[in-house]
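One structure is given below, encoded as structure tokens.
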Amino acid sequence: MTIRSVVLGCGSYLPQRVVTNAELASRIETSDDWIVQRTGIRERHVAAEGEFTSHLAINAARAALAAADVDPQSIDLIVLGTSTPDNTFPATAVAVQDGLGIHHGAAFDLQAVCSGFVYALATADNFLRSGSFKRALVIGAETFSRILDWNDRTTCVLFGDGAGALVLDAQRQDGTSADRGVLTTHLRSDGRHKAKLYVDGGPSSTQTVGHLRMEGREVFKHAVGMITDVIVDAFEATGLSAETIDWFVPHQANKRIIDASAHKLHIAPSKVVLTVDRHGNTSAASIPLALDVAVKDGRIKKGDVVLLEAMGGGFTWGSALVRW
């Protein structure tokens, strides 16, 4: 017997405002064809003035709690993956905790950029399996629109705002790959690649927020190899394979990266969940947003094996295998 972190429900939230490629093309030198051809993105959501990362996260958390049909007071751990917190401190997770009316347990932010949700999931899973906590909210929430240079056409077309959340419950299982819940997680990082994807500001270095900077070709070059590395580790740890998983839910950064990764791993295109066309890259929010879409439209069902992966600035990257 072992303890597994079982998914009870998921939820998401997107800001109301939709920014299309055509709107961006009216403001900067780009076009819908150029953006779609290189990224697969057609539109993205942008938070309203006065709408913060915490607001997005609270809405996603409430949706996940409703889907799980559990009392918010049963949550004793909140792990929030974000690179765009409301404040330098306190953690945005604490604002989410208070917004949900929870005044016990622990809440903290986790910063691994686009890998933030996989890192947060792995962290919550380890806390639950250790017996430290019983029920967790794992959230990815971002307002990347606040750190973009809207005159830089190579980056501003890529990103969007949003939030997604899962409710995890510690449950006793048999300890095999047939268990429900998180089966394995694998995390990596390599700080030598910082200059390829970073924000050029921060409290200690510049006393400013800064803007996102990226060497797009370099990121693309590294992404497929790094992503496949941790997925192979996940398959080896569980005895599962590209043939035996039901769904592949990757970080939604770029359709070309997703397609190349699936092809290299021999994952059938019919198993890949894609939302990058309508969400853009929402960093730590992208995987839970995609999960919620696939659960709501009936693709992901109880008992399905779902493969998650992400790569982000740092570089950080990671994978998780979950039986829904």
Side-chain angles (χ1 to χ4, degrees), residues 13-19 21 23-24 27-28 30 35 39 41 43-58 60 80-93 95-96 109-120 139-164 189 191 193-216 218-220 223 251-254 276 279-289 310-316:
Y13 176 80
L14 290 161
Q16 285 191 337
R17 188 181 171 211
V18 175
V19 176
N21 291 347
E23 181 179 339
L24 289 176
R27 304 202 307 250
I28 57 173
T30 190
I35 297 169
T39 70
I41 299 167
E43 61 186 32
R44 71 285 295 148
H45 292 252
V46 172
E49 186 176 349
E51 188 174 40
F52 304 154
T53 295
S54 61
H55 300 140
L56 275 56
I58 289 167
L80 172 63
T82 189
S83 299
T84 50
D86 291 7
N87 302 98
T88 301
F89 73 83
T92 301
V96 175
D109 291 356
L110 192 152
Q111 219 282 44
V113 201
C114 297
S115 305
F117 184 78
V118 173
Y119 267 64
I139 308 169
E142 302 282 15
T143 48
F144 256 54
S145 61
R146 307 271 157 76
I147 57 169
L148 297 177
D149 176 352
W150 288 96
N151 295 311
D152 179 3
R153 70 188 186 116
T154 65
T155 58
C156 75
V157 302
L158 302 176
F159 295 91
D161 301 338
S189 63
H193 301 289
K194 174 190 171 183
K196 296 178 178 69
L197 179 55
Y198 69 104
V199 168
D200 61 2
S204 179
S205 57
T206 64
Q207 300 177 50
T208 65
V209 173
H211 292 112
L212 184 148
R213 305 298 178 195
M214 181 172 72
E215 297 176 16
E218 286 295 307
V219 174
F220 188 99
H251 166 51
Q252 306 287 315
N254 182 308
V276 69
H279 297 163
N281 182 345
T282 54
S283 190
S286 85
I287 288 176
L289 277 167
M311 175 192 161
F315 287 148
T316 62

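Hydrogens, waters and symmetry mates play no part in the numbers below; they use all other heavy atoms, side chains included.
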*Can you tell if the side chain of Glu142 reaches within under 4.5 Å of the side chain of Leu56, non-hydrogen atoms only?*
no
Closest non-hydrogen atoms of Ala141 and Thr82, given as atom of the first, atom of the second and distance, are O-OG1, 2.7 Å
TODO: For the pair Gln252 (side chain) and Val276 (backbone), establish whether a donor and an acceptor sit closer than 3.5 Å, ignoring hydrogens and angles.
DONE: yes
Practice problem: Describe, in one word, how the ring planes of His279 and His45 are oriented to each other, choosing from parallel (under 30°), tilted (30 to 60°) and perpendicular (over 60°). | Solution: perpendicular
Is there a donor-acceptor contact under 3.5 Å from the side chain of Asp200 to the main chain of His211? yes
Here the pair of heavy atoms bringing His251 nearest to Ser286 is ND1-OG, 2.6 Å
Notebook entry, point to check: Should Phe144 and Asp161 count as side-chain neighbours, where that means a heavy-atom distance under 4.5 Å?
Noted result: yes
The reported gap from CD in Glu215 to CG in Leu197 (rounded to nearest 0.5 angstrom) is 9.5 Å
Contacts of Thr92 meeting side chain to side chain donor-acceptor pair (under 3.5 Å) (sequence neighbours excluded), chain-then-number -> none
Arg146 meets the side chain to side chain donor-acceptor pair (under 3.5 Å) criterion, sequence neighbours left out, with none
Minimal heavy-atom distance between Gly162 and Ala285, with the atoms involved, is O-CB, 3.3 Å
Contacts of Thr206 meeting side chain to side chain donor-acceptor pair (under 3.5 Å) (sequence neighbours excluded), chain-then-number -> Thr208
Check your understanding: Are Leu289 and Leu14 close enough that some pair of their side-chain heavy atoms sits under 4.5 Å apart?
Key -> yes
For Asp86, the side chain to side chain donor-acceptor pair (under 3.5 Å) test, sequence neighbours excluded, returns Ser54
The reported gap from OG1 in Thr53 to CD1 in Ile58 (rounded to nearest 0.5 angstrom) is 11.0 Å
For Thr155, the side chain to side chain contact (heavy atoms under 4.5 Å, CB included) test, sequence neighbours excluded, returns Asp152, Leu212, Met214
| said: For a 4.5 angstrom cut-off between non-hydrogen side-chain atoms, does Asn21 reach Arg44? | reply: yes
Separation between CG (Leu80) and CZ (Phe117), nearest 0.5 Å, reads 10.5 Å
In this structure, CD1 of Ile139 is separated from CG of Leu110 (nearest 0.5 Å) by 12.5 Å
Across all chains, not counting sequence neighbours, the salt bridge (charged side-chain N to carboxylate O under 4.0 Å, His left out) partners of Glu51 are none
inquiry  = Side chains of Phe315 and Val219, heavy atoms from C-beta outward: is any pair under 4.5 Å?
reply    = yes
Hey, is the main chain of Ser283 close enough, under 3.5 Å, to the side chain of Asn281 for a donor-acceptor pair? yes
On a heavy-atom basis, the closest approach of Ser115 and Gly312 is OG-N, 3.2 Å
For Asp109 and Pro85 the tightest heavy-atom approach is OD2-CB, 4.1 Å
With a 4.5 Å heavy-atom cut-off, do Ile28 and Val157 have their side chains touching? yes
Checking Thr143 side chain against Ser145 main chain: does a donor-acceptor pair fall under 3.5 Å? no
Note: Ile287 and Ala310 closest approach over all heavy atoms is CD1-CB, 3.9 Å
| request: Decide yes or no for Ile35 and Thr30: does some side-chain heavy atom of the first lie under 4.5 Å from some side-chain heavy atom of the second? | output: yes
Is there a donor-acceptor contact under 3.5 Å from the side chain of Glu218 to the main chain of Phe220?
no
Taking the side chain as C-beta and beyond, is there a heavy-atom pair between Val19 and Leu24 under 4.5 Å?
yes
